[in-house]
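Some notes on the structure that comes next.
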Amino acid sequence: MEEEVLTVATDRALPQMEVVLSAEQIRRRVYELAHEINRDFMDETPVVIGMLKGSFIFVADLCRAVAIPHHIDFMAVAAYGAGTAAMGAPRLLKDLTVNITGRSVLIVEDIVDTGATLSHIRRLLLARQPRRLASVALLDKRAHGDPELPIEYVGFKIDGGFVVGYGLDLAERYRHLPYIGRLNPTQTEENDTRV
Ligand code: IMP
């Protein structure tokens with residue numbers, strides 16, 4: 001009910017969508033993930049790397065839920081244009097501003113689909129010789145992706161389809177939604193014009 005009210009207040013043109021994860025479900029799971037991270041990085045000060053733009057809300061919530069000291073930085077890669085289909089190797093749009101050599105690093109991803117983006121980022125960061133490299137993904141959508149790709153912390157495993165909200169977008173829309181919703185194929189096709 002609260003989400004319906006927020007929706008009306010924040011986006012007049014919001015299409016009908018199935019709510020896959022409510023704001024409350026996400027909130028609880030973020031605290032559980034933070035608990036695991038606290039335990040596993042107890043004596044360390046990891047560099048938490050948020051993958052822009054999709055993970056910006058997740059990072060903001062996760063870093064406030066985590067009790068251990070940590071540093072925060074961001075990277076940006078472009079995997080998709082305005083549409084919903086992946087387009088080959090991700091392009092690095094923004095690099096880190098801190099040196100991670102010898103540091104513990106936690107990559108924060110919004111969603112893993114094929115795993116190509118995370119694999120690429122892991123390779124890039126491993127070449128800088130961190131002491132330890134782990135990843136947390138809020139959503140794991142891998143059905144055909146690389147099952148070998150290590151993701152130490154996963155918020156939720158979800159079925160296919162294109163999801164938006166809580167930082168995730170379709171052509172820059174819907175990032176502000178406090179929940180995660182699934183768009184139907186007609187809604188995503190309308191935006192499948194790649195830039
Ligand atoms: P991958 O490289 O195929 O794993 O795709 C990962 C990236 O694609 C994510 O960081 C998102 O930016 C984007 N992505 C994949 N699936 C979705 C989705 O359902 N909604 C929004 N973005 C998605």
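Counting starts at 1 for both ligands and their atoms, following the listed order. All values reported here derive from a predicted model rather than from experimental measurement.
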Contacting atoms of ligand 1, where contact means under 4.0 angstrom from a heavy atom of Glu109:
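Those of ligand 1 that fall under 4.0 Å from Glu109 are 10 (O).
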Ligand-side contact atoms (ligand 1) for residue partner Lys141, heavy atom cut-off under 4.0 Å: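 Every atom of ligand 1 under 4.0 Å from some heavy atom of Lys141: 16 (N), 17 (C), 18 (C), 19 (O).
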Discussion item. Applying salt bridge (charged side-chain N to carboxylate O under 4.0 Å, His left out) as the test, list every pair that has at least one member in residues 52-76; sequence neighbours left out.
Written reply: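 Counting only pairs at least two positions apart or across chains, the salt bridge (charged side-chain N to carboxylate O under 4.0 Å, His left out) contacts touching residues 52-76 are Lys53-Glu172, Asp61-Arg64.
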Does an N or O anywhere in Phe162 fall below 3.5 Å from an N or O of ligand 1?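 No, there is no polar N/O contact under 3.5 Å.
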Query raised in the report: Gly115: heavy atom below 4.0 Å from ligand 1, yes or no?
Result: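 Yes; Gly115 lies near enough to ligand 1 that a heavy-atom distance drops under 4.0 Å.
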For this session: May I ask whether Val164 places a heavy atom under 4.0 Å from ligand 1?
Result: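 The answer is no, since Val164 has no heavy atom less than 4.0 Å from ligand 1.
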What do we get for [X] next to ligand 1 when only non-hydrogen atoms under 4.0 Å count, side chain, backbone, both or neither?
X      : answer
Leu168 : side chain
Asp169 : backbone
Met51  : neither

Report task. Using the test salt bridge (Lys or Arg N to Asp or Glu O under 4.0 Å), find all partners of Glu152 that sit at least two apart in sequence or belong to another chain. Result ->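 Expected list: none.
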Test your reading of the model: is there a side-chain donor-acceptor pair from Ser55 to the backbone of Glu109, 3.5 Å cut-off?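 No; judged by distance alone, with no hydrogens or angles, the pair does not exist.
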| field | Nearest neighbour of atom 10 (O) of ligand 1 from the list Asp110, Leu52, Val20, on a heavy-atom basis | value |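 Nearest option to atom 10 (O) of ligand 1, by heavy atoms: Asp110.
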Q.
Measuring from atom CZ of Phe74 to atom CG of Leu96, what distance do you get when rounded to the nearest 0.5 angstrom?
A.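 Here the interatomic distance stands at 11.0 Å.
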Point to revise | With His70, the side chain to side chain contact (heavy atoms under 4.5 Å, CB included) member among Val48, Leu106, Leu62 | key: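 Of Val48, Leu106, Leu62, side chain to side chain contact (heavy atoms under 4.5 Å, CB included) with His70 is met by Val48 alone.
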Practice problem: Would you mind checking if Arg28 and Glu24 are paired as a salt bridge, meaning a charged N to carboxylate O distance below 4.0 Å? | Solution: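 Here Glu24 pairs with Arg28 in a salt bridge, since their nearest N and O are under 4.0 Å apart.
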Using salt bridge (Lys or Arg N to Asp or Glu O under 4.0 Å), reason through Arg132 and Asp40 one step at a time and then give a plain yes or no. CA-CA 11 Å; Arg132 171 180 176 190; Asp40 296 350; 5.0 Å; no
